[in-house]
Structures are given as structure tokens and as C-alpha cells.
Participant: 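Quick one: structure below, then a few questions.
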Protein chains: 4
Amino acid sequence: MATPRTPDSTRRSERSRRAIFDAALELVGEVGYDKLTIEGIAARAGVGKQTIYRWWPSKAAVLLDAFTADAGDYEAGLPDTGDLAADLRFVLRASVDEFNDPKFQAPYRALAAAGANDAELSADFVARLMEPGIKVYTDRLRAARDQGQVAEDADLRVAAEMLLGPFSQRWLMRTGPLTYEFTDTLVDLVVRAVARR
Amino acid sequence: MATPRTPDSTRRSERSRRAIFDAALELVGEVGYDKLTIEGIAARAGVGKQTIYRWWPSKAAVLLDAFTADAGDYEAGLPDTGDLAADLRFVLRASVDEFNDPKFQAPYRALAAAGANDAELSADFVARLMEPGIKVYTDRLRAARDQGQVAEDADLRVAAEMLLGPFSQRWLMRTGPLTYEFTDTLVDLVVRAVARR
Amino acid sequence: MATPRTPDSTRRSERSRRAIFDAALELVGEVGYDKLTIEGIAARAGVGKQTIYRWWPSKAAVLLDAFTADAGDYEAGLPDTGDLAADLRFVLRASVDEFNDPKFQAPYRALAAAGANDAELSADFVARLMEPGIKVYTDRLRAARDQGQVAEDADLRVAAEMLLGPFSQRWLMRTGPLTYEFTDTLVDLVVRAVARR
Amino acid sequence: MATPRTPDSTRRSERSRRAIFDAALELVGEVGYDKLTIEGIAARAGVGKQTIYRWWPSKAAVLLDAFTADAGDYEAGLPDTGDLAADLRFVLRASVDEFNDPKFQAPYRALAAAGANDAELSADFVARLMEPGIKVYTDRLRAARDQGQVAEDADLRVAAEMLLGPFSQRWLMRTGPLTYEFTDTLVDLVVRAVARR
DNA sequence: CATTAAGCGAGACGGTACGTCTTGTCTTTAC
DNA sequence: GTAAAGACAAGACGTACCGTCTCGCTTAATG
């Protein structure tokens, strides 16, 4: 009687799932996260509200799935030309372009904001989007260390956060402009910080 | 005809203002930001809803005023014992304690999150809370540079962000634990980054 | 795009409908029409406000439906013992009792008042409550005419209004006491007015 | 200490009083009684709200005063040409015109409606507007009786109500059109009802 | 002739209700 | 048995007025 309601995912409608993702991403871009509603997503997707409630616990969870379904992943890792600073500069410049793209902004900001107030969501958000980011930077730094360009005892994880943290903060809180100049400076300082003495 | 209705602030009730701040901070701690409502604040404060709508445009704006009314400011600046690393370690350790204090968390997280989706609010938030923070670090670094401990050409603003950005990100997104060890490591790396060669 | 939102009445909750009627009639008796609120009705009925707004345009419309759902109708017509004056006296005396009953007063007064200022409502009110009343009197007068007790050329509709108009006015505006004596006098005069010369 | 707040009427501003009346009558015509508000009257009249609350207990009371300040009174009584039926027909035809005048309708309807639900107000309304009306008709009927045209034992008050009640009901509840034909028929029937046998 | 006390315009206040919107649950019907 | 549709109870939204209050400002009438 007190069945915990676990829906049978084998019978799930892929068509509805896609439509919900598309609708969610469209709407968050059009009206913003605060005015994004489950009703609105259902209506735009041509889907019953229950279909959303059946599979996701909140609009943030829908958006996170929608976003990660689209987002490219980090499987490749960072380029390694042998020149650490140049590689970091290159990748961060690409990130500057990406994060300045309006399409990308709305859902990402929304998720970051929602995560700030919801530990469960942020655990997911971090595991799926931020950790992989930190990891590829840490990996690239480790490769540099293995090549003798970085001090043995440097904390590479923290170094990676020193690249991404200021970047994220400028973007998320708008504490400053997100430019190539900024990321280049950042790379210089971090490379200097971890450089073999 | 389209008068913007600007209320007369000289007739404003200080008692109501305080009661609203207290209620907002209490409630955000009790129920969280998402379930914080203007109605709830008004009821707790023993105030009409209109009194809130008259003076603030949103619950985020109320919270920002409430928070900054309470929050200590940065007038004093950072300590300067002559030992840059020690001073930074000391201050960041204090911040670790502050940001791990539950009282402080709810409103600050809420404001950061709300700011992420609302440029107008984040402008206020940054100007009143984050900029002053960045500034005192920049000032302390400048003093160190004047004392010859820091490279002439180092970008001190970005260096300050390298301290605060990773800190903020760990705390806000919970990408890692906010410990003394972390901030000490951060200080080491940053000091090394800007050190006179 | 400008769909008028017509709800599907086949899915309507009969339970809610009844609860709303009961609550409306109770409350109008307890607090009066001016202090009768949709919120109050919804709360008393254990119903969402939207459920009321979905089906009725105003509290007056709710009350009219509630009232007519309860009110007995006039299917039977007036008694016809052959003695016109006696029959009219009898029925009007019954009406005196009915209109002096506190239970009856509140909703009826409220509807009459609301109708005075709202042509659409009064059209409904008249069609459902007043016209049938006038009709049964007109019918009884016609029967009397057919029996040769009433002048051929008498305007029976106006005669019926001469019974009900003064009655209504005394009751609604409180221009005088609503007693058997009054209605008996009324009947005498009207019977005399239409009597065959 | 518990002074019941009796304002000093000698210091009252006649200018404000007039402005309030004008505003109330204008507004009731423009927006209807339900949307007539004290705030609106005050704003239109260029008057503080307190000035209204100081002198009247409700918007209905304001309107009643405003209306009676304008309305002509019945001092003159009805014409007496010796022909009762002709005199009544004449006066009622004039009333038909008056009650079909839009200017007149809004406030009068509003007051009648408000009175229906407020015994205190209706006492005032009846005493100041309806009783005098009934009285002049009763007086005219008495004159006719003194001239031998009306039965000695006829209840003249009820006869007067038989003229005004149906008239009021048609107008207030819109149970039928308010025409000369209707009032002429009414007069015929009433005159016949009270005629000396 | 200054003083003082009232009425006044103005509008902030604590409240209540409005009518709308969205939430998350539930039920019905179609596939 | 999932899905589209949508009614439902609940409750917050932001607005409009309520009736009370306090603020300066006329404006008498009094001491």
C-alpha cells in the first residue's frame, strides 16, 4: 500500500524526456530561472505535469539534467604541448568565450545559484560539472610536475582552484570583467606560484 | 500620471525597519531562502506587507539590507605585522570560522545565489560586501609591495582574487572543505606567486 | 492565445460545490454580506480559492447559486379554493413568515442589494427568483378572471406587482412592518382594484 | 482621557465638504458603488482621508449626504387639480423621467442597496428620501377622500405604497420597463382600489 | 498681538482581501 | 501502466483600501 513510487524507467518516453529538456533550456533563457516554472515547462513541452514530477524532484534537477545532456564533457583532458602556461592560457581563453555566451549563461547561473542553497543539488552539480573541470586542470599540472616544470611539493588541487575560483567568482558574482587579459594574468601568477624554485 | 510613487523617507518607521531586518534574518535561518516569503517576514515582524513593498523591491533586497545592517565593515583594514604570509593566514583563518558559522551562512548564501540571477542585486551585493573585501586584501598586498616583499609588476587585484575566489567557491559550491589547512596552502601559493623574484 | 479558459464541468467536484454553498450561506448569516469574502468561504469550505474563482465570477454569483440550490421553487403554483382574496391572504401571510425568518433574510437581502448595482446579476436574480413569483400570482389572477371574478380588461401582471412591490419594499427598505395586517390590507385593495365592476 | 472625539463643527471647512460631495457623486457615476472608495473620494476632492473619517462613518453615509444635499425636496406636495387620477399620473410620469436619468441612478441605486444590508443606514435613507415621498402621496389621497372621491375606510398609506412599491421594484430590480404606460396602469388600478363604492 | 488648539492635506502604518499564479497531488481518459 | 490533461487544496504573489496614526501647516478664537 505504501509503495514508494518507483516508476519503471524502461517504459519511459524518450520523446517526452527530450521535449522537457528543450523546453526547460529554452524557457530559462527566455524568462530566467526565477520565473521558470514546472507548469511552464510542461506546457511548452506538451507534456503532463505529472510526467515531470514523476522523474525529477525539482525544476533545478530538470535543468541540471537538461544542461548536462547538452554540455560537452572533459573526456579529452587539456592539451599538452609541453608549455604549461601556454596551454592554460589557451584553455582559459576558450572558457572566457564560453562563459560569455548568453546561451550558456542562464542555465549555468541558475544551477550555481540553486546549488548554493541546496546541498543535495550542489553535490550533484559539483560532481557532474565542477569536479571534472578541476580534475583536468589538476591532471595537466601533474603532467607538468612530472616534466619537472612544477615544484614537487605544490598542492596541485589548490593550484587548480586558484585558476577556476577567481574565474568563477568574476563570472558568477560579476566582480570584474571576464577577459583574456584577466585569465592570462591568472595563469602567470599560478604558474609562478607552483614553479619549481 | 505615471508617478513612480516615491515614499517620504523622513516619515519612515525605524521600529518597523528593525523588526523587518530581524524577522528576515531569523526566518532565512529557520526555513531557508526559497521558503522565505515577504508574507512571512511581514507576519513575523508584525508589519503590513505594504510596508515592505514600499521600501524594498524584493525579498533579496530586504535580506541584503538586513545583512549589511548587521555585518561588521572593513574600515580597519587587515593587520600589518610586517609578515605578509602570517597576516593573510591569520585573517583567512578568521574568515574560515566566520563562514562556517551557521548564523552567517543562510543569508550570505541566499544573497550570493540571488545575485547570480539578478545583475542589479549582484551589483549592490558586490559593491557593499565583496568589493570592500577584495580591497583590504589588495591594500595589504600593496603595503607589502611598498616594503619590497612583493614584485613591482604583480597584479595585486588579481592576487587578492586568487585568495578570495577559491575560498568563496569552496564555500558557496561546496567543492571542498573550508579548513585552516586549505587557506594556509592558499596563502603560501599566492605569496609565492607575487613574491619578488 | 487569448483562450477564455473554460473549465471542464464534467470533472467538477460535487463535494466542493456543496461545501462552498454551505459555507457561503452560513457565513452570510454570521457576518453579513459586506464582510462575506471569497477567502472566508474557501477557508470554511476547505477548498482552494481558485476552485471558487474557476466556477463563479463573484461572491454574489456564488450566493445566488447557493440560495437557489436550497430555495423551494414555485412549481405548484398558488392554491385555488375559488376564493381569490382568501387564497392571496393565505399565501402572503406565509410569505410574511418566510421573509421574517432570519435564516432567509441575510442571503436574500444581500442578493437584492448586489443586484441593484449589477445589471447582469439582477437579470439572473429576477429570472430565477422574482419572475417565477410574479408569475404564480398572475396565474392565480387569471384563473379568477376566467371564473368571472376579475374584470376582463385588468392588467394582471401589474396587479401582481401591486401585491409584491409594496411587500418587497417594506421588507427590503424597512419602510414599514411586515405584518399579516399589512398583507391583508394589500389583498383587499388589490382585489377591489381588479374586481369586475 | 476616553474622549469620544466629537469634532467641532463650527470650524469645519465648507469647501472640503462640498468638494467631497462633488467627488463622491462624480465617482459613483464613473466607477459604480462597489469601486467607490474613501481613498478615491479623498484624492479626487483634494482632501485628506481623515477629513472624511472625521465627519462620516462610511462611504454610504457620505453618499447619502451628498445626494440629499443636491436632491430637491417634497415641500410643495403633489398638485391638486381636483382630478386625483390625472394628478397621480402626472407626478408618476415625472418620476419615470427622473428615475430613468443616468445621473440620478448611480447614487440612488447605491444607497438603496447599501440600505438593504445596513439597518441604520436604511433608517436614515427611508426617513430622508422615501418617507417624504410616501407622505405626499398619502396627503394627496387624503385630500381626495376629503373631497369624497375616496372611500372613507381605505388605508391611504398602503394605497400610497401600492403606487411606489411596484414603481421602486421595477426600477431597482429591473423586473420590468419603467414607462408611462406602466405608471398610468398603476394609477388606474389604485384609484379603482380606493374609489368610493 | 502672540498663543494655542482645532481642522486640514498628506501619507506611513498594521491589516485584510483581492484575483492570479504556481505547487505538488490526484483522477480520468486515451493509447 | 505511462502519458496528457486538468481539477483540486494550499498558499504566496503584489495591489488596493481599510481605518488609525502622526506630521507640519493654516486658521481661528482666546488670553
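Proteins come first, then strands; the chains are lettered A, B, ... in the order of their sequence lines, and each starts at number 1.
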Participant: Taking only residues two or more places apart in sequence or in another chain, which ones pass side-chain hydrogen bond (donor to acceptor under 3.5 Å, both in side chains) with A/Ser58?
Facilitator: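 Listed in chain order: nothing, the list is empty.
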
Participant: For B/Leu111, what residues pass the side chain to side chain contact (heavy atoms under 4.5 Å, CB included) criterion, not counting sequence neighbours?
Facilitator: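 Side chain to side chain contact (heavy atoms under 4.5 Å, CB included) check on B/Leu111 returns B/Leu63, B/Leu64, B/Phe67, B/Phe125.
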
Participant: Restricting to side-chain hydrogen bond (donor to acceptor under 3.5 Å, both in side chains), what partner residues turn up for D/Ser13, sequence neighbours left out?
Facilitator: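 Per chain and number, D/Ser13 pairs via side-chain hydrogen bond (donor to acceptor under 3.5 Å, both in side chains) with D/Ser16.
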
Participant: Just to confirm, is there a sub-4.0 Å distance from OP1 or OP2 of E/dC8 to any side-chain nitrogen or oxygen of D/Trp55?
Facilitator: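 For E/dC8, OP1/OP2 do have a side-chain N/O of D/Trp55 under 4.0 Å.
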
Participant: Classify B/Arg54 by what it touches in the nucleic acid, base, sugar-phosphate, or nothing, heavy-atom distance under 4.0 Å.
Facilitator: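 Here B/Arg54 touches the bases of the nucleic acid.
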
Participant: Holding to salt bridge (charged side-chain N to carboxylate O under 4.0 Å, His left out), I want the full list of residues that pass it with B/Arg18, two or more places apart in sequence or in another chain.
Facilitator: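 Only B/Asp22, B/Asp70 meet the salt bridge (charged side-chain N to carboxylate O under 4.0 Å, His left out) criterion with B/Arg18.
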
Participant: Report the residue (C/Arg12 or A/Gly46) whose heavy-atom-nearest nucleotide on DNA chain F is the more 5′ of the two.
Facilitator: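 Its nearest nucleotide lies further toward 5', so the answer is A/Gly46.
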
Participant: Without decimals, in angstroms, what is the distance between A/Trp56 CH2 and E/dT23 P?
Facilitator: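 Distance, rounded to whole Å: 15 Å.
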
Participant: For a 4.5 angstrom cut-off between non-hydrogen side-chain atoms, does C/Val47 reach C/Arg15?
Facilitator: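 Side-chain contact under 4.5 Å: no.
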
Participant: Would you give a per-nucleotide map of nucleotides 25-31 of chain E, 5' to 3', where B means the base has a protein non-hydrogen atom under 4.0 Å away, S means only the sugar-phosphate does, and - means neither?
Facilitator: BBBB---

Participant: What pairs meet the salt bridge (Lys or Arg N to Asp or Glu O under 4.0 Å) rule with one or both residues in residues 105-119 of chain C, with sequence neighbours excluded?
Facilitator: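 Listed once each, the pairs would be none.
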
Participant: Sorted by first residue and then second, give each ring-ring contact (aromatic ring centres under 6.0 Å, His included) pair with at least one member in residues 11-58 of chain C; sequence neighbours left out.
Facilitator: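 Qualifying pairs: C/Phe21-C/Trp56.
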
Participant: If you look only at pairs with a residue in residues 31-52 of chain B, which of them pass as a salt bridge (Lys or Arg N to Asp or Glu O under 4.0 Å), with sequence neighbours excluded?
Facilitator: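 Qualifying pairs: B/Glu26-B/Arg44, B/Glu30-B/Arg44, B/Glu39-B/Lys49.
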
Participant: Would one find more than 12 heavy atoms of other residues, nucleotides or ligands at under 6.0 Å from atom CZ of D/Arg54?
Facilitator: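 Yes, the 6.0 Å shell around CZ holds more than 12 heavy atoms from other groups.
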
Participant: So if I take residues 14-27 of chain D and measure heavy-atom distances to DNA chain E, which residues fall below 4.0 Å?
Facilitator: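 Nucleic-acid contacts, sorted: D/Ser16.
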
Participant: Taking only residues two or more places apart in sequence or in another chain, which ones pass side-chain hydrogen bond (donor to acceptor under 3.5 Å, both in side chains) with C/Ser9?
Facilitator: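 C/Ser9 satisfies side-chain hydrogen bond (donor to acceptor under 3.5 Å, both in side chains) with no residue once adjacent residues are dropped.
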
Participant: Holding to salt bridge (charged side-chain N to carboxylate O under 4.0 Å, His left out), I want the full list of residues that pass it with D/Arg17, two or more places apart in sequence or in another chain.
Facilitator: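 So D/Arg17 forms a salt bridge (charged side-chain N to carboxylate O under 4.0 Å, His left out) with D/Glu14.
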
Participant: Using OP1 and OP2 only, check whether a side-chain N or O of D/Thr51 sits under 4.0 Å from E/dG9.
Facilitator: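 Yes, within the criterion.
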
Participant: So if I take residues 34-43 of chain B and measure heavy-atom distances to DNA chain F, which residues fall below 4.0 Å?
Facilitator: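 Close to the strand are B/Thr37, B/Ile38, B/Glu39.
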
